Amino acid sequence: MTYDVIVLGLGAMGSAAAQHLAERGKRVLGIEQFTSPHDKGSSHGGSRMIRQAYFESPEYIPLVLRAYELWRRLEKDAGTRLLHITGGLNIGSGDGQLVKRTIAASTQHSIPFAVLEGRAITARFPEVFPLAGDVAVHETNAGYLYPEECIRAQLARALHAGAELKFEESVLAWSSERDDVEVRTAKGTYRAGRLVITAGPWANQALDGIIPLRVTRQVMAWIQPKTGVMPFLPDRFPVFLLEDPGAGAHGYGFPAIDGPEGGMKVAIHGSADLCTPENVNREIHAHDLQRIVEQLRIRIPALDGEVLRAQTCMYTMSPDEHFVIGVHPQFASCSIACGFSGHGFKFANVVGEILADLAITGSTSHPIGLFSPLRFCA
Ligand SMILES: Cc1cc2nc3c(=O)[nH]c(=O)nc-3n(C[C@H](O)[C@H](O)[C@H](O)COP(=O)(O)OP(=O)(O)OC[C@H]3O[C@@H](n4cnc5c(N)ncnc54)[C@H](O)[C@@H]3O)c2cc1C
């Protein structure tokens, strides 16, 4: 059988692309090397932050606003809760990039926020001990998503709309000629008019290295707060980002979303060891945990508590840390989405919508100029 579109990789972005394409009546084949969701790529660990005050660049804000709409729609269609609003707290020096850029981006796009300084921070969040000169930007509409549930829901909607999905089948090679794409796996060869490549940390292999992506090993830890979990329950405590006064790596974390025994998930966003999906060290070492605890307890001393568990995950970094989304620079019948640089999950459904646009019409009305793959191709 010939398909309209083949989607290579059914993680966060690929499951969304398969959903949107199938819902638009396309004959879709999705191919995934593992089962999905799984814990070997970039989309596991029980929670992903979603926020509108996008300090990385205000250009993401129209997309994230659309993502909120699409997550709410998916919740309705799937009959399950995926997105929880807790508010979000970005804390850093009043002169630092995190605070200044959060305020600038929010102001530009009328994103609701409040600025707290000094004692006002501790008055509202008694577990937070700001450093001298710290300012906190509290964003009303930030919260978290359940990533595995989101992927499950996207795949279920894709199937419901008629997509064919194959699991535990690796794509070994693909080729493209005008409107004819051929995809070879260990189990067969498939043809389609279009190919969408959403291979996450395997993008270097799937794209033959045309985009200079770096894959990094990230560690997530679940810590039981020393002072007990009550002040950190999600109806009292927000998702948070803490600017590192020194090395430029932010600590971040979530309220205690897994109940009294589940701890709080915390991690560091910033410099990390390079790896590949094949050689990533999935063991957790004492120094991994020490680095996280030392960074987080500076402003939230209760996080110097018992580490309940920890897990590795991978980021796929683009050189400028902005996403890479667009038509393949060499093959017009192929679209790519990769290089999500540790902040892509919240956008998965709108990326799926964009990939469906690109596969069907070759263009999209969404603002994706910042993400052009051509910026890395001489
Ligand atoms: C620790 C951590 C914390 C994060 N926190 C946040 C956050 O708070 N908020 C946020 O928005 N983002 C966050 N991110 C980033 C976000 O999770 C990722 O950007 C996003 O999940 C990437 O999705 P993806 O579809 O590109 O990759 P994946 O979900 O990994 O999917 C790629 C899929 O392609 C499959 N595949 C690859 N090659 C082949 C092949 N040859 N054949 C068949 N299948 C193949 C893989 O098996 C995989 O399932 C975080 C990431 C990590 C690691």
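Residues: numbered from 1 along the sequence shown. All values derive from a computational prediction rather than experimental measurement. Numbering of ligands and ligand atoms starts at 1, following listing order.
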task = Please check if atom CG in N281 has more than 12 non-hydrogen atoms from other residues, nucleotides or ligands closer than 6.0 Å.
result = yes
Set of salt bridge (Lys or Arg N to Asp or Glu O under 4.0 Å) partners for E168, sequence neighbours left out = none
ask   = Under the 6.0 Å and 45° cation-pi test, does R51 pair with Y54?
value = yes
ask   = Under 30°, 30 to 60°, or over 60°: which ring-plane class applies to H343 and F323, parallel, tilted or perpendicular?
value = tilted
task = For the residue pair W71 and F345, categorise the inter-ring angle as parallel (less than 30°), tilted (30 to 60°) or perpendicular (more than 60°).
result = parallel
message = When you compare the side chain of I111 with that of E139, does any pair of heavy atoms fall below 4.5 Å?
response = yes
note = In chain-and-number order, ligand 1 lies under 4.0 Å from a heavy atom of each of L8, G9, G11, A12, M13, I31, E32, Q33, F34, H38, G41, S42, S43, R48, M49, E169, S170, V171, T198, A199, G200, P201, W202, M220, Y252, C313, M314, Y315, F340, G342, H343, G344, F345, K346
